[in-house]
Amino acid sequence: MPELPEVEVVRAGLEPAVTIALITGVEVFDQRSLKRHAPAAGDFETLLTGDRMLAAVRRGKFLWFPLSSGAALVTHLGMSGQVLLREPGTAENGLLRIRLSIEHPRLGEYWVNFVDQRIFGSMAVDTLLPTPDARAGGYSGPGLERGWPPATQPAGALAASALAATAGPITAQEEAPAWLAAVPSQVAHIARDPLDPAFDDRAFFAALKRKNTGIKRAMLDQTLVSGIGNIYADEALWAAKIHYAQPTASLSPRSARLLLTEIRLVLTKALAEGGTSFDATYVNVNGASGYFSHSLNVYGQQGKPCPRCGTLIVRESFMNRGSHFCPKCQRVRN
DNA sequence: CTTTCGCCCTGAGTGC
DNA sequence: TGCACTCAGGGCGAAA
């Protein structure tokens, strides 16, 4: 279920601990979690062991960790994935699929545990390709040309102390690292997300005009715009008063602009709340914990009154998932 | 080419 | 109490 805000909470939590951390060991407990790792790239464990992670980067729901070898460790949480930072020796449950042992020059030794109940997520070592527009491939934390400032900073003693241990913002005099304007090959087809400063609003609107499909399908199409999942799609559509099946080509410029604004708003709000629910006690970088379920207006609210007009929220089956909407506020227009 | 469908996967929840 | 069944949905390959 993690969407952009939840994945960003994970990224931000991992960033201090993995930046400049040496991978001293790799254990794969379930090969199915390597389904996105191309065997031709080489043995997963061998490729990683002895390598150093340089940063934590995110585009949409994809996470990757550029390596000193020039490759990148790509991580997708799927539906139920978590990346947990643990003290070595900590017991984990049976859903542990992959473990990296890492050694940070300041913070010491840690385990990076990839836990995934349903195995929709994965890890893979992949090559980095330059971005066509030479802009940053994704968001990798605050700093010049590294992306946009996050809504909140992760709290927690480890995170706070680690910030001082990581490299500072890139200054204009410094040369950008090679991994900055690059993206893993398996993420190259994924569009930039709506919070990416390099996201092209006009190109997005133009694509909506060209498409022959419903607006929610388009919102969930990660090659068009990334980071949006079922929950925030429903929330943004409700906020913009648009029906999920409204044909994209029929959206007025005004509606399309409003929708993009509401998408950004709902993601930003979730990001802020996810940041505040950051669990600092054991630096649990937990994709599920960041959800702001108390703030949901329509998702999972079927049978309850619409917060805007009081009409009962309806849930319809759509694309093998649920679509939640207000039948009065959100009607298909022509 | 574009668009849609069906599969992957398993713990939690439900009904009998 | 136990068991069969349904549900959740991100991404991708196949089908239409």
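Predicted model only: the values in this text are computed from it and were never measured. Labels below follow one simple rule: chain letters A, B, ... track the order of the sequence lines, proteins then strands, and each chain is numbered from 1.
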Nearest-nucleotide wise, let me know which of R217(A) and I119(A) is further upstream toward the 5' end of DNA chain B.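 Per heavy-atom nearest nucleotide, the more 5' residue is R217(A).
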Mind calculating the distance between [atom1] ([X]) and [atom2] ([N]) to the nearest angstrom?
X       : N       : atom1 : atom2 : answer
Q117(A) : dA12(B) : CD    : C1'   : 8 Å
M219(A) : dG10(C) : CE    : P     : 12 Å
D221(A) : dC12(C) : CG    : P     : 11 Å
D30(A)  : dC9(B)  : CG    : P     : 10 Å

Students often get this wrong, so: under 4.0 angstrom with heavy atoms, is [X] touching a base, only sugar-phosphate, or nothing?
X       : result
N212(A) : sugar-phosphate
G322(A) : sugar-phosphate
K35(A)  : nothing
N320(A) : base

Under the ring-ring contact (aromatic ring centres under 6.0 Å, His included) rule, what do H104(A) and Y110(A) come out as? Steps first, then yes or no, please. CA-CA 8 Å; H104(A) 190 279; Y110(A) 276 93; 8.5 Å; no
Counting only N and O atoms by type, is there a donor-acceptor contact under 3.5 Å from the side chain of [X] to the main-chain atoms of [Y]?
X       : Y       : value
D234(A) : H324(A) : yes
Q222(A) : L220(A) : yes
E103(A) : I23(A)  : no

Nearest to the side chain of [X] - [options]?
X       : options                  : answer
R36(A)  : dC12(C), dT3(B), dA8(C)  : dC12(C)
R118(A) : dC7(B), dT10(B), dG11(C) : dT10(B)
K61(A)  : dG10(C), dT4(B), dT10(B) : dG10(C)
F62(A)  : dG11(C), dT3(B), dG11(B) : dG11(C)
R315(A) : dC7(C), dT3(B), dT10(B)  : dC7(C)

Counting only side-chain N and O atoms of [X], is one of them less than 4.0 Å from OP1 or OP2 of [N]?
X       : N       : answer
T213(A) : dT4(B)  : yes
R32(A)  : dT10(B) : yes
H76(A)  : dG11(C) : yes
Q222(A) : dG11(C) : yes

Kindly confirm or rule out a cation-pi arrangement of R99(A) over W111(A), judged by NZ or CZ under 6.0 Å from the six-membered ring centre and within 45° of its axis?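 Here R99(A) passes the 6.0 Å and 45° test against W111(A).
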Does the structure place the NZ or CZ of R11(A) under 6.0 Å from the centre of the six-membered ring of W64(A), at an angle of no more than 45° from the ring's axis? no
Between Y232(A) and M219(A), is there shared hydrophobic-cluster membership here, with clusters defined by ILVMFWY side-chain heavy atoms closer than 4.5 Å? yes
Kindly calculate the angle separating the two end axes of the helix from dT2(B)-dA16(C) to dC16(B)-dG2(C), each obtained from five base pairs, and round it to 10 degrees.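 The end-segment axes of the helix from dT2(B)-dA16(C) to dC16(B)-dG2(C) are tilted 50° relative to each other.
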Ring geometry between Y244(A) and F318(A) (parallel below 30°, tilted from 30 to 60°, perpendicular above 60°):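 Tilted: the ring planes of F318(A) and Y244(A) meet at 30° to 60°.
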